Undergrad: 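Take this structure first; my questions come after.
Quantities reported herein were computed from a predicted structural model and do not represent experimental measurements. Heads up: numbering here begins at 1 and tracks the sequence. Side chains included, hydrogens not; waters and symmetry mates left out as well; all remaining heavy atoms used.
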Amino acid sequence: MPRHARAPDTEPEESKFPKPSEKEHLFHVREVSEDQEKPGIFVVECEVVGTEESGRSLLHRVNTDDSVKGFYYCRQFLKAIGEPYKGEFLIDESRWVGRQFYATVVHNKSIDGKKTYANIDDYNFGKLIKNDLFDSKKSTSEEVSWDG
């Protein structure tokens, strides 16, 4: 559906929001949306909580197609947020919002080397959060108790 937009009569500039630093962080899943051009791939907005970097975020792509080799990474993400990841299970992305997990961040350069992106390098399964204590459909970020 077409929509009207309004913007300044200037060239757009790259956003310079601060990325999470290259270290381990506690993340909170703030938003999940399915890639409209690639069904089964979800873009997960992960926000740092509980530190001086609280509010910094990164986008994490999760491929829920179990027929692709990269499904291994989906299983790691599901394990990190306390969702089923073994045997036969249902993937319900509507339950991801509000979930927390620990992960280490790495910065990767784009193909042209001009931009740097923050990505999840490794999950810390030794610091699992008890995400099953609430139903994310009923909780809001204000109701979640942060582990710091």
Side-chain angles (χ1 to χ4, degrees), residues 1-5 7 12 14-112 115-148:
M1 168 187 277
R3 73 176 63 198
H4 291 276
E14 181 182 339
S15 175
K16 299 282 186 196
F17 64 90
K19 298 179 279 298
S21 62
E22 290 188 301
K23 65 179 186 177
E24 183 178 273
H25 296 280
L26 173 60
F27 285 99
H28 165 79
V29 176
R30 188 164 62 186
E31 188 174 319
V32 177
S33 58
E34 188 167 14
D35 186 322
Q36 297 303 310
E37 295 178 16
K38 300 176 184 172
I41 296 179
F42 291 87
V43 178
V44 181
E45 184 178 353
C46 304
E47 180 180 58
V48 175
V49 294
T51 69
E52 68 281 351
E53 293 187 30
S54 290
R56 294 184 185 191
S57 62
L58 59 80
L59 298 178
H60 184 58
R61 286 179 171 44
V62 177
N63 188 340
T64 61
D65 182 350
D66 64 352
S67 69
V68 299
K69 188 176 182 179
F71 185 66
Y72 170 79
Y73 298 107
C74 175
R75 291 184 64 215
Q76 286 188 315
F77 175 74
L78 294 172
K79 179 180 179 179
I81 64 170
E83 288 286 298
Y85 65 96
K86 292 181 187 177
E88 191 169 325
F89 55 92
L90 178 67
I91 298 174
D92 183 357
E93 73 282 349
S94 70
R95 293 178 37 87
W96 300 356
V97 174
R99 299 296 177 113
Q100 295 181 345
F101 62 94
Y102 282 94
T104 301
V105 171
V106 65
H107 293 173
N108 299 111
K109 291 199 181 272
S110 62
I111 294 172
D112 62 7
K115 297 179 186 175
T116 303
Y117 297 95
N119 293 306
I120 292 174
D121 184 44
D122 195 25
Y123 297 98
N124 186 340
F125 298 119
K127 289 184 171 178
L128 290 177
I129 305 295
K130 294 198 183 277
N131 283 306
D132 59 340
L133 297 177
F134 66 94
D135 180 347
S136 63
K137 291 181 182 177
K138 296 179 184 174
S139 297
T140 66
S141 59
E142 290 78 29
E143 296 170 329
V144 177
S145 61
W146 303 120
D147 178 26

Undergrad: Which value, rounded to the nearest 0.5 Å, describes the distance between Ile120 atom CD1 and Tyr73 atom OH?
TA: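 It is 12.5 Å, given to the nearest 0.5 Å.
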Undergrad: Could you tell me the separation between the OH atom of Tyr123 and the OG1 atom of Thr104, rounded to the nearest 0.5 Å?
TA: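 Interatomic distance, Tyr123 OH to Thr104 OG1, rounded to 0.5 Å: 11.0 Å.
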Undergrad: With Val44, which of Val62, Leu59, Leu58, Val97 fulfils side-chain contact (heavy atoms from CB on, under 4.5 Å)?
TA: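 That would be Val62; it is the only one of Val62, Leu59, Leu58, Val97 passing the side-chain contact (heavy atoms from CB on, under 4.5 Å) with Val44.
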Undergrad: What distance separates His107 NE2 from Lys115 NZ, expressed to the nearest 0.5 Å?
TA: 15.5 Å
Undergrad: Distance from Tyr117 atom OH to Lys109 atom NZ, nearest 0.5 Å?
TA: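 Reported to 0.5 Å precision, the distance equals 11.5 Å.
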Undergrad: Is there a donor-acceptor pair under 3.5 Å between the side chain of Gln36 and the backbone N or O of Glu34?
TA: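 Present.
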Undergrad: Is the number of heavy atoms from other residues, nucleotides or ligands under 6.0 Å of Lys23 NZ greater than 12?
TA: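 Enclosed.
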Undergrad: Can you name the residues that form a side-chain contact (heavy atoms from CB on, under 4.5 Å) with Lys86, not counting sequence neighbours?
TA: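 Lys86: side-chain contact (heavy atoms from CB on, under 4.5 Å) contacts with Arg75.
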Undergrad: How long is the span from the OH atom in Tyr102 to the CD atom in Glu24, to the nearest 0.5 Å?
TA: 7.0 Å
Undergrad: Nearest 0.5 Å please: distance from the CG atom of Asn124 over to the CD1 atom of Ile129.
TA: 9.5 Å
Undergrad: For the residue pair Phe77 and Trp96, does the interplanar ring angle fall in the parallel (under 30°), tilted (30 to 60°) or perpendicular (over 60°) class?
TA: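 Ring orientation, 0 to 90° scale: perpendicular.
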Undergrad: For residues His28 and Gly98, report the shortest heavy-atom separation together with the two atoms involved.
TA: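 It is CE1-CA, 3.4 Å.
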Undergrad: Judged by modelled atom types alone, do Ser21 and Glu53 share a side-chain donor-acceptor pair under 3.5 Å?
TA: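 Side-chain D/A pair, Ser21 to Glu53: present.
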Undergrad: Under the side chain to side chain donor-acceptor pair (under 3.5 Å) rule, collect the residues that match up with Asn119, sequence neighbours excluded.
TA: Asn108
Undergrad: What's the shortest heavy-atom distance between Val68 and Asp65, and which atoms?
TA: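 It is CG2-O, 3.1 Å.
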Undergrad: How close do Ala118 and Val105 get, counting heavy atoms only, and between which atoms?
TA: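 Closest pair (atom of Ala118, atom of Val105, distance): CB-CG1, 3.9 Å.
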Undergrad: If the condition is side chain to side chain donor-acceptor pair (under 3.5 Å), which residues does Glu83 pass it with, not counting sequence neighbours?
TA: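 Residues passing side chain to side chain donor-acceptor pair (under 3.5 Å) with Glu83: Arg95, Arg99.
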Undergrad: Considering all heavy atoms of both residues, which atom of Ala80 and which atom of Phe125 are nearest to each other, and what is their separation?
TA: N-CE2, 3.7 Å
Undergrad: Closest approach of Leu78 and Pro84, non-hydrogen atoms and distance?
TA: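 In terms of heavy atoms, the two residues are closest at CD1-O, 3.6 Å.
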